Amino acid sequence: MIFIFILWLDRKQIGIGTILNMVLVGFEIQWFTTIYHQLFGYRTTFLIVAADTLIGLTLFTLGASLYMAPDLGAAPYDAIAPIITQRTKLSYRTARITQDVLFMVAAVIAGGPVGFGTIIVAFFTCPLISWWNDHVSNPMVKTIDAATKPKEERNQNSAVMLLSHIGKRTYHTIYNALQTTETMRNNMSEYSTSDLRSQLKIVRHNMANSKKMYESFVEQERLLQDELNKRIAKAKNK
């Protein structure tokens, strides 16, 4: 039923991860539960429950983070919070915790097996998934993507990103310089003689740096133009 709900609201959340989660998770839980009981029996002391909750929640949230990070589709239940985040101003953390708590309340009303572990999972699943995303899953995906791209594409993307970054920095530098000039023009009479000398030193230092930046841009322009000319000449020869 939740799958139909997700299919209607946002089909982009559906992928191979969605199908595998729907088909396999039930069998996997049953299989691992059997193995657990064979190894540890059916003891349910507080320490065992606390240890199981801590280890289980850690592995569960790590697994959820790892399979959702590559955008291969989320389980229907896991897709609810991202959809709410996209359609409202709520953060993912708020949407997920609210979702988990509401489902827990529904389980209580329906007479489900709600206990200590249920409460812990409801409040800590989202923060842990977010932590795994930031520190493990997303960095891992980026590293794998970068490592599997062709070398030429990696070099090209690096150069494009660097030039784009420099362009943005240059824009902000020019904008700030214009703003400073306007402020200085309007407040020149308020500067003391000491302020004028200090500002003059700063401006001269910035002028020297700007000259070096301009010379660097000239060199970049020359390199790009030379490479473009070589490719044009090579294309004509063909």
Side-chain angles (χ1 to χ4, degrees), residues 1-138 140-141:
M1 292 301 297
I2 298 177
F3 174 76
I4 296 174
F5 176 73
I6 301 302
L7 187 65
W8 174 53
L9 285 177
D10 188 358
R11 295 186 179 183
K12 294 180 181 179
Q13 298 289 339
I14 299 173
I16 185 64
T18 310
I19 306 303
L20 292 177
N21 196 293
M22 293 172 61
V23 174
L24 297 179
V25 166
F27 294 104
E28 291 171 344
I29 290 176
Q30 185 174 351
W31 185 63
F32 280 111
T33 300
T34 301
I35 294 176
Y36 176 87
H37 287 155
Q38 289 175 351
L39 294 174
F40 305 104
Y42 291 83
R43 293 172 297 173
T44 56
T45 65
F46 176 79
L47 290 177
I48 292 176
V49 171
D52 287 347
T53 301
L54 178 62
I55 296 172
L57 182 60
T58 300
L59 294 176
F60 164 64
T61 52
L62 173 60
S65 172
L66 286 173
Y67 96 84
M68 288 191 293
D71 291 329
L72 297 178
Y77 182 84
D78 292 331
I80 295 176
I83 291 176
I84 294 175
T85 301
Q86 292 172 5
R87 293 171 176 260
T88 66
K89 295 182 179 180
L90 293 176
S91 65
Y92 174 77
R93 183 184 297 259
T94 302
R96 178 67 189 235
I97 293 177
T98 302
Q99 171 190 331
D100 290 341
V101 171
L102 289 176
F103 270 84
M104 181 180 68
V105 172
V108 172
I109 295 173
V114 177
F116 167 77
T118 314
I119 299 172
I120 298 298
V121 169
F123 284 97
F124 288 95
T125 293
C126 175
L128 284 172
I129 289 178
S130 298
W131 192 90
W132 289 121
N133 286 341
D134 295 338
H135 295 87
V136 177
S137 302
N138 291 336
M140 184 184 298
V141 169

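A quick note: this is a predicted structure, and the numbers were derived from the prediction, not measured.
Side-chain atoms of I80 and F103, non-hydrogen and from C-beta on, do get closer than 4.5 Å to each other. Annotation: side chain of K12 is not in contact with side chain of Q86 (no heavy-atom distance under 4.5 Å). Using a 4.5 Å heavy-atom threshold, the side chains of F40 and I48 count as separate. Contact annotation: the side chain of W132 approaches that of T58 to within less than 4.5 Å [non-hydrogen atoms, C-beta and beyond]. Taking the side chain as every heavy atom from C-beta outward, D100 and V121 never approach each other to under 4.5 Å. Taking the side chain as every heavy atom from C-beta outward, N133 and M68 never approach each other to under 4.5 Å. Using a 4.5 Å heavy-atom cutoff, the side chains of F123 and I97 are in contact.
Applying the side-chain hydrogen bond (donor to acceptor under 3.5 Å, both in side chains) definition to pairs two or more places apart or across chains, those involving residues 16-34 are N21-Y67.
In this pair, W131 and H135 present their aromatic rings parallel. The plane angle is below 30°, not in the 30 to 60° band. Below 30°, between 30° and 60°, or above 60°: for F116 and F46 the angle between ring planes is between 30° and 60°, a tilted geometry.
Within 6.0 Å of atom OH in Y36, more than 12 heavy atoms from other residues, nucleotides or ligands are found, so the atom counts as buried in its surroundings. By the 6.0 Å contact criterion, OH on Y77 is enclosed, its count of non-hydrogen atoms from other residues, nucleotides or ligands being greater than 12.
Of the inter-residue distances, the one linking F5 atom CZ with D10 atom CG reads 10.5 Å to the nearest 0.5 angstrom. Note that CD1 of I6 and CD1 of I14 are 7.5 Å apart. Values are rounded to the nearest 0.5 Å. Remark: F3 CZ to I19 CD1 distance equals 5.0 Å, nearest 0.5 Å. Remark: L57 CG to D52 CG distance equals 12.0 Å, nearest 0.5 Å. In this structure, CG in L66 is found 10.5 Å from CG in L59, a value given to the nearest 0.5 Å.
Without hydrogens or angle criteria, Q13 side chain to A79 main chain gives no donor-acceptor distance under 3.5 Å. A donor-acceptor contact shorter than 3.5 Å is absent between the side chain of T98 and the backbone of A95. Remark: side-chain polar atoms of S65 are not paired, donor with acceptor, to backbone N or O of T61 under 3.5 angstrom.
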| task | Go through the steps for D78 and R96 under the test side chain to side chain contact (heavy atoms under 4.5 Å, CB included), then give the verdict. | result | CA-CA 8 Å; D78 292 331; R96 178 67 189 235; 3.1 Å; yes
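Between V114 and A107, the shortest heavy-atom contact is CG2-CB, 3.7 Å. Residues Q99 and A81 share a closest heavy-atom pair of OE1-N, 3.1 Å.
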